[in-house]
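These values consider heavy atoms only, across backbone and side chains, with no hydrogens, waters or symmetry-generated copies. Here is how names work: the chains are called A, B, and so on, in the same order as the sequence lines, proteins then strands, and each is numbered from 1. Not measured: the values here are computed from a predicted model.
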Amino acid sequence: MLDWIKDNSTAFAIAVVFHLLFLAALLVNCQMDKPDKIVLKQGDIIQVSAVDANSYDAEVRKIEQKKKAEQRKKVQAKRKAQELAKKKKQEEIRKKKEKQGKADELKRKKAAVAKKKKEALKKAEQEKKRKKEADKKRQPELKRKEQRDRAEREIVQKIERNWRQPLEVPSRLECKIEIVLLPSGNVVAVKVVESSGNQAFDRSVETAVRKASPLPVPTDSVIFKEFEVMRLRFEPGSY
Amino acid sequence: MQYAKLTIRIAPFLLLFFSLLFLVNYVFVSQAHAVLEVEVKGGFQSADPIAIVPFLWSQSGKAPVDIGSIVSADLARSGVFSPLSINQLPERPTLEGPINFPRWKNTNVENLVIGQITAIGQGRFEIKFKMLDIFTKKNSIEYRYNVEKKQLRRVAHQISDQIYQQLTDTKGAFDTLIAYVVVNNDTDPKKRIYTLAVADSDGYAEQIILKSKKPIMSPVWSPNGKRLAYVSFEKDRSIIYMQELTSGKRKTIAKFKGINSAPVWSPDGKRLAMTLSKDGNSEIYVMHIASTVLQRITNHYSIDTEPAWSPDGRSLIFTSDRAGKPQIYQVAISQKGRSGNPKRLTYEGDYNAGASFSPDGQSIVLITREQERFRVGILQLANRQLQILTRSRLDESPSFAANGKMLLYATELRGRGILEAISVDGSHSPQRLRVLSGDVREPAWSPYRGR
């Protein structure tokens, strides 16, 4: 997976960007709800101003309002009575339902277990499919790995062929260098990262790399990226 | 309040923005920083291929000294370098001129030496040289000398030393001298002439120190390189002399009854160890030069001879046949004389003799008998391992170079004594020094010369 991301970095980056943009859009929509509430409040204010405009028959209104208020009280009383009755009925129904519900739950649970089993089976099958697909996708990846390993091997071999060690040097020396390569394989920079303590030996290592330049780097520009900067640990073999 | 609300509203966007940045960075940066690490083992060891372009001489006639070929021969003799022969050079660049690097890369050479010699009047010469790394195209060393004609050879050896040091990290010992004894080949003993001579480390520029009709033996250098001690039979008996090289002034050191032989300077230059038989048979003594006080070091009925100092001056090694056959022994020495009993160092073979210490004190060189042949061997003191370096029949008087990297010894070629040099690790075949007339014996390699 990580390799896939590395190999398709731009695609992945774009996907991430779109994904996040989508999330961002969702978030913006949530915020839209709040302005709606503000509009409602403004509406109230408009109503108030309308009452003021009709102030000339305020008296008529007051009478009407009184009548309406009386009517409302009556209606409210009726409603309250009805609601009480409704609540009683609902409670009764609820009690009945609870009794039934317990029985249903048992059934439901059994059904759920069966479902889960089915789902697990499905998932396993899906995963198998997925793996097969992944393997198909991985084949070019394997080819890349092969190319990478071959390049690595060839580079080491070419340097070894060019690595002449000085005669009068104590054995058991080790030197680490960092090199920078161009896509052509030309060595543009050599830096000793860990010296062997023997200048002649260090120089032989630097010369070996410069002599071996250009190095057989992979032609694939994506794979080459990995070879752009290399660290090489030199250790004389047995002779 | 408004501002706070705004920030609360923006916060998720900021969060998103940074998380996005992080993700993008992670993907790209992780790719850039995944540095590939590779192991390189193997390679090969060989002499350093180097090119020494003949030094440019643009005046009339021939250059008084061919510096390039002296340098080339020095480096080849060390065994550490394999200089390109002149006809293999792809071009002959000059100090200021351009260099065709691609052509040099094809020669497998790693370093290029370019120089010139110019007569500047009043018998003086200017020598300039530089060395370039063919693969970095950079100058690694650059020097200029202004000398008289008679110093030109020495300048060449100094150039060899500069190159050697730059490329091996070890001080070169080309600008040194060798002392040796030459006997003319006259079959009539009465017409034989013995010569004590000193020459450059390559055998050239010979100077005669002493001529005698009687044998001269065992020349040895003082630690400052200004004097020689030797044994001369000019008065029909062995006498140890000390002679200053520049003035020729001579001083008698030991003319005791019996044998006076094998003088050798202590590292501090204040004492001489020697073999004397004044008290009966050959024993080792130490003489304080200023006071001429003698200290007896050995006391054994067998023969004890050929003393040599350890570099720290605290012990002597010598040859003794106290165990029946000649072997090397070591004895501790203090200012007051012997400070311990001799300990045997060699056990391999039935003949080990003529030993001397390497400058670092880690090993001793000696002559060992192997299948009735006398060869140069090196004994590592740490593990008592003896490595035989030569394949010849009759080697004698091995002597270390001042840097401890090479050995000089006399050997036999068709009945005649010659000088050979070999690197101490035996990594290359012996290099014959210039073949001088006569029978050459008992070479001694000088310490570093003062400049």
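Per-residue counts of heavy-atom pairs under 4.5 Å with chain B were compared for V205(A), V156(A), V187(A); the largest is that of V156(A).
Using a distance-only test at 3.5 Å, with no hydrogens or angles considered, no donor-acceptor pair links the side chain of D169(B) to the main chain of N198(A).
Put simply, the residue from V209(A), T207(A), N162(A) that forms a side chain to side chain contact (heavy atoms under 4.5 Å, CB included) with F135(B) is T207(A).
Summarising the geometry, atom CD belonging to E39(B) is positioned 10.5 Å from atom CZ belonging to F234(A); distances are rounded to the nearest 0.5 Å. A distance of 9.5 Å separates OG in S204(A) from CD in Q45(B), rounded to the nearest 0.5 Å. Q165(A) CD to D48(B) CG: the interatomic distance, rounded to the nearest 0.5 Å, is 12.5 Å. To the nearest 0.5 angstrom, L36(B) atom CG is 11.0 Å from E178(A) atom CD.
Neither the backbone nor the side chain of R148(A) comes within less than 4.5 Å of any heavy atom of chain B. Contacts between D133(B) and chain A at a heavy-atom distance below 4.5 Å involve the side chain alone, from C-beta outward. In this structure, the portion of T168(B) lying under 4.5 Å from any heavy atom of chain A is its backbone and not its side chain. Of the two parts of T136(B), the backbone and the side chain both hold a non-hydrogen atom closer than 4.5 Å to a non-hydrogen atom of chain A. At a 4.5 Å heavy-atom cutoff, the contact between R203(A) and chain B is made by side-chain atoms alone.
The heavy-atom pair separating A47(B) from R164(A) by the smallest distance is O-CD, 3.5 Å.
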Would K176(A) and E37(B) count as a salt bridge (charged side-chain N to carboxylate O under 4.0 Å, His left out) here? Give the steps. CA-CA 10 Å; K176(A) 202 185 259 186; E37(B) 270 217 39; 3.7 Å; yes
Verdict with supporting geometry, E160(A) and V40(B), side-chain contact (heavy atoms from CB on, under 4.5 Å): CA-CA 7 Å; E160(A) 279 179 352; V40(B) 183; 3.5 Å; yes
Residues R233(A), V38(B); criterion side-chain contact (heavy atoms from CB on, under 4.5 Å); working and verdict: CA-CA 6 Å; R233(A) 208 166 68 86; V38(B) 176; over 6 Å; no
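No more than 12 heavy-atom neighbours from other residues, nucleotides or ligands sit within 6.0 angstrom of OH on Y143(B). Within 6.0 Å of atom CD in E228(A), more than 12 heavy atoms from other residues, nucleotides or ligands are found, so the atom counts as buried in its surroundings.
The pair K211(A)-E110(B) meets the salt-bridge criterion, since a charged nitrogen lies less than 4.0 angstrom from a carboxylate oxygen.
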